[in-house]
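For the single chain, residues carry numbers from 1 onward in sequence order.
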Amino acid sequence: QVQLVESGGGSVQAGGSLRLSCAASIYLHSDHCMRWFRQAPGQEREGVAIIDSDGTTRYVDSVKGRFTISKDNAKNTTYLQMRSLKPDDTGVYYCALTWSGIYCSADYWPVPVGDFWGQGTQVTVSS
């Protein structure tokens with residue numbers, strides 16, 4: 001069983017920045033991807049960003065140029081650097097680990113299916 005622990009959420013004003021972290025309880029070997037999702041009240045869970053085991057990244061259009069996903073393999077930690085935050089970015093942010101498969105692919109990565117999920121961290125952006 002893999003545990004994922006998110007941290008770094010909080011409340012900021014529009015235009016501010018936050019960095020989320022997702023620490024895995026095991027060393028993440030090859031053939032996996034890490035994804036960040038978010039869920040606003042009353043909304044479906046939305047794929048925000050993905051980084052796969054070779055470092056390829058993808059983003060939902062609404063965060064391109066503002067968010068950066070990265071990872072530190074030595075720390076088994078994935079990050080989501082969020083800049084120029086907007087009220088629409090408000091929600092609970094989740095990280096998800098998926099072993100290699102279609103949900104790490106260019107077409108399906110935004111689908112909220114994962115092998116392991118973190119508990120979520122709240123991000124609130126005020127105008």
Tell me whether Q3 at atom CD has more than 12 heavy atoms from other residues, nucleotides or ligands lying less than 6.0 Å away. no
Report, as yes or no, whether the 6.0 Å neighbourhood of atom OH on Y59 holds more than 12 heavy atoms from other residues, nucleotides or ligands. yes
Okay, side chain of [X], backbone of [Y]: is any donor-acceptor separation there less than 3.5 Å?
X    : Y    : result
D31  : S100 : no
R19  : Y79  : no
R35  : C104 : no
R58  : S105 : no
E6   : G120 : yes
Q119 : V5   : no
K71  : D52  : yes

Does any part of the side chain of N73, heavy atoms only, come nearer than 4.5 Å to the side chain of L28, both counted from C-beta? no
Does L20 reach the side chain of V123, with side-chain heavy atoms less than 4.5 Å apart? yes
ring-ring contact (aromatic ring centres under 6.0 Å, His included) filter on F37, not counting sequence neighbours, yields W117
Straight-line distance of [X] [atom1] to [Y] [atom2], nearest 0.5 Å:
X   : Y   : atom1 : atom2 : result
S7  : Y93 : OG    : OH    : 15.0 Å
S53 : W99 : OG    : CH2   : 10.0 Å
E46 : Y94 : CD    : OH    : 13.5 Å

Let me check something: do [X] and [Y] share a hydrophobic cluster, defined by ILVMFWY side-chain heavy atoms less than 4.5 Å apart, either directly or through other members?
X    : Y    : value
M82  : V12  : yes
I51  : Y103 : no
V2   : M34  : yes
F116 : V48  : yes
I102 : V113 : yes

List the atom of [X], the atom of [Y], and the distance in Å for their closest heavy-atom pair.
X    : Y   : result
I69  : T78 : CG1-CG2, 4.0 Å
W36  : L80 : NE1-CB, 3.6 Å
T77  : K75 : OG1-O, 2.8 Å
S127 : A14 : CA-CB, 4.3 Å

Quickly, which of T124, T90, L18, V63 forms a side chain to side chain contact (heavy atoms under 4.5 Å, CB included) with L85? Name it, please. L18
Residues which pass salt bridge (charged side-chain N to carboxylate O under 4.0 Å, His left out) with D89, listed by chain and number, not counting sequence neighbours: R38, R66
